[in-house]
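The structure appears below as structure tokens.
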Amino acid sequence: MRVTFLGTGSAMPTAERVQTGVLLEADGRTLLVDCGAGVLHRLSQTDPGYEAASSVLLTHHHLDHVADLLPLLKARWLAGEDHLEVVGPSGTKALLDGLLDVHDYLDGRVDLRVREVGARAFEVAGFDVSAYETRHSVDCLAYRFESAHGDFTFSGDSEAFDGLTNFADGSAVLAHDCSFPDEVDVSNHPTATQLGEALAGCDVGRVYLTHLYPHTEGAHREMLDAIERQFDGDVRFARDGLRFEIDGAE
Ligand SMILES: [Zn+2]
Ligand SMILES: [Zn+2]
């Protein structure tokens with residue numbers, strides 16, 4: 001499985017970080033996870049492009065995770081692609097209905113299939129996925145993607161807590177919300193120390209920090225130090241365009 005971070009920013013994007021999006025590729029199949037503002041453009045910079053992004057899996061419905069959904073639908077329509085599948089938590093159907101109500105000239109342009117999932121196992125675009133409810137201001141699901149050489153877990157937006165790190169336990173790679181450095185008093189997202197506490201004792205090959213607010217710029221070293229005080233695994237900052245393979249070769 002190949003994983004590409006398309007967007008590693010938040011609702012406050014920066015020049016280097018657009019909003020949230022992750023592209024998964026395996027055996028010629030692709031799956032886009034979240035589609036915030038800027039993700040369509042980042043997708044156009046990849047080899048598969050938006051032409052191949054026929055399935056989108058949403059963690060939740062905050063704007064920084066769904067803003068480019070209709071722009072993606074329109075780009076696919078104009079590129080001659082005839083379908084789009086959107087999978088997400090409860091309310092995803094109403095979200096798409098509402099968006100297409102506003103932009104009604106896009107309704108019916110592609111064969112749009114919408115499916116709602118809960119905190120259980122399911123399949124999308126040929127990927128075997130399990131889901132776990134996170135702690136956020138709205139319903140949000142974390143996802144664990146199985147692959148033969150190791151799993152990839154994506155936290156979505158969430159506070160750090162043992163339930164979620166237990167869900168990720170044993171993954172080859174975990175990408176986790178680490179929105180803020182310690183000096184920011186925040187709920188619904190973790191600071192570095194809070195994430196470090198939840199990761200303590202967790203068996204994950206590598207952790208990427210993502211969903212990074214502008215407050216994290218210039219604070220990377222102190223954030224890594226805060227996490228590494230609790231967790232002795234490999235921790236790195238994600239960045240837009242970063243790509244890695246889970247192939248068992250490492
Ligand atoms: Zn977010
Ligand atoms: Zn959110």
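Just so you know, ligand 1 is whichever comes first in the structure, and atom 1 is the first atom listed for that ligand. Keep in mind the model is a prediction, meaning the values are calculated, not measured.
- Distances shorter than 2.8 Å separate the Zn ion (ligand 1) from the protein N/O/S atoms D64 OD2, H65 NE2, D157 OD2, H211 NE2.
- A ring-centre distance under 6.0 Å is found for Y213 and F180.
- Between the side chain of D68 and the main chain of C35, no donor-acceptor pair closer than 3.5 Å is present.
- Other residues, nucleotides and ligands contribute at most 12 non-hydrogen atoms within 6.0 Å of the NE2 atom of H41.
- Within a 6.0 Å sphere centred on CG of D111, other residues, nucleotides and ligands contribute more than 12 heavy atoms.
- A 6.0 Å sphere centred on CD of E81 holds more than 12 heavy atoms belonging to other residues, nucleotides or ligands.
- The cationic group of R243 does not satisfy the cation-pi geometry with F5, failing either the under 6.0 Å distance to the six-membered ring centre or the 45° limit from the ring axis.
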